[in-house]
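In this text the structure is predicted, and so the values were computed from the model without any measurement. When reading the values below, keep in mind they use all heavy atoms of this one structure, side chains included, and skip hydrogens, waters and symmetry mates. Just follow the structure's listing: the first ligand is 1, and inside any ligand the first atom is 1.
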Amino acid sequence: MENEVLDKLLDAATEAAEHSYSPYSGFPVGAAVLTADGSIYSGTNVENASYGATMCAERVAIFKAVSEGADKILALAVYTSAAEFAFPCGMCLQVLSEFAEDIPVIVAGDSGMKTFSLSELLPHRFGRE
Ligand SMILES: [Zn+2]
């Protein structure tokens with residue numbers, strides 16, 4: 001991925017975290033996905049008084065992309081301001097794997113970023129094949 005695109009992806013994830021609705025966890029998360037046509041879709045975590053109705057930032061970003069017509073995701077970035085990097089949960093990785101090959105998954109915070117592959121984080125994906 002070009003540095004310019006990576007910067008845009010990280011900026012989108014960081015900005016999305018500012019819109020987080022997380023009064024219960026106090027843990028704002030921002031995510032952004034890059035799609036095959038070069039578009040970037042962002043999302044943030046949206047919590048609910050009925051905890052199970054909460055949605056992760058990553059799935060918000062993925063669902064936004066898919067509902068706008070994207071069917072191929074080329075990269076995912078996740079941002080939190082926490083001291084330690086936060087990784088996508090198992091459910092988000094599974095949803096991501098529906099629309100992505102072995103793509104880079106970037107975890108970022110105020111002190112930097114680290115890149116993993118989807119297969120590192122989800123080595124045995126459940127799929128149609
Ligand atoms: Zn999740």
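Met1 has its side chain within reach of Ile106: a pair of non-hydrogen atoms, C-beta onward, lies under 4.5 Å apart.
Near-neighbour remark for the Zn ion (ligand 1): protein N, O or S atoms under 2.8 Å are Cys56 SG, Cys89 SG, Cys92 SG; waters not counted.
At distances below 3.5 Å, at least one donor-acceptor pair connects side-chain atoms of Thr54 with backbone N or O atoms of Asn48.
Side-chain heavy atoms closer than 4.5 Å link hydrophobic residues (I, L, V, M, F, W, Y) into clusters, and following such links, possibly through other members, connects Val66 to Val78. Under the 4.5 Å side-chain heavy-atom criterion for Ile, Leu, Val, Met, Phe, Trp and Tyr, Leu74 and Leu10 are members of the same hydrophobic cluster. A continuous path of ILVMFWY side-chain contacts below 4.5 Å connects Met113 to Ile40, so both sit in one hydrophobic cluster.
Screening Asp110, Thr14, Asp11, Thr44 for a side chain to side chain donor-acceptor pair (under 3.5 Å) involving Tyr79 leaves a single residue, Asp110.
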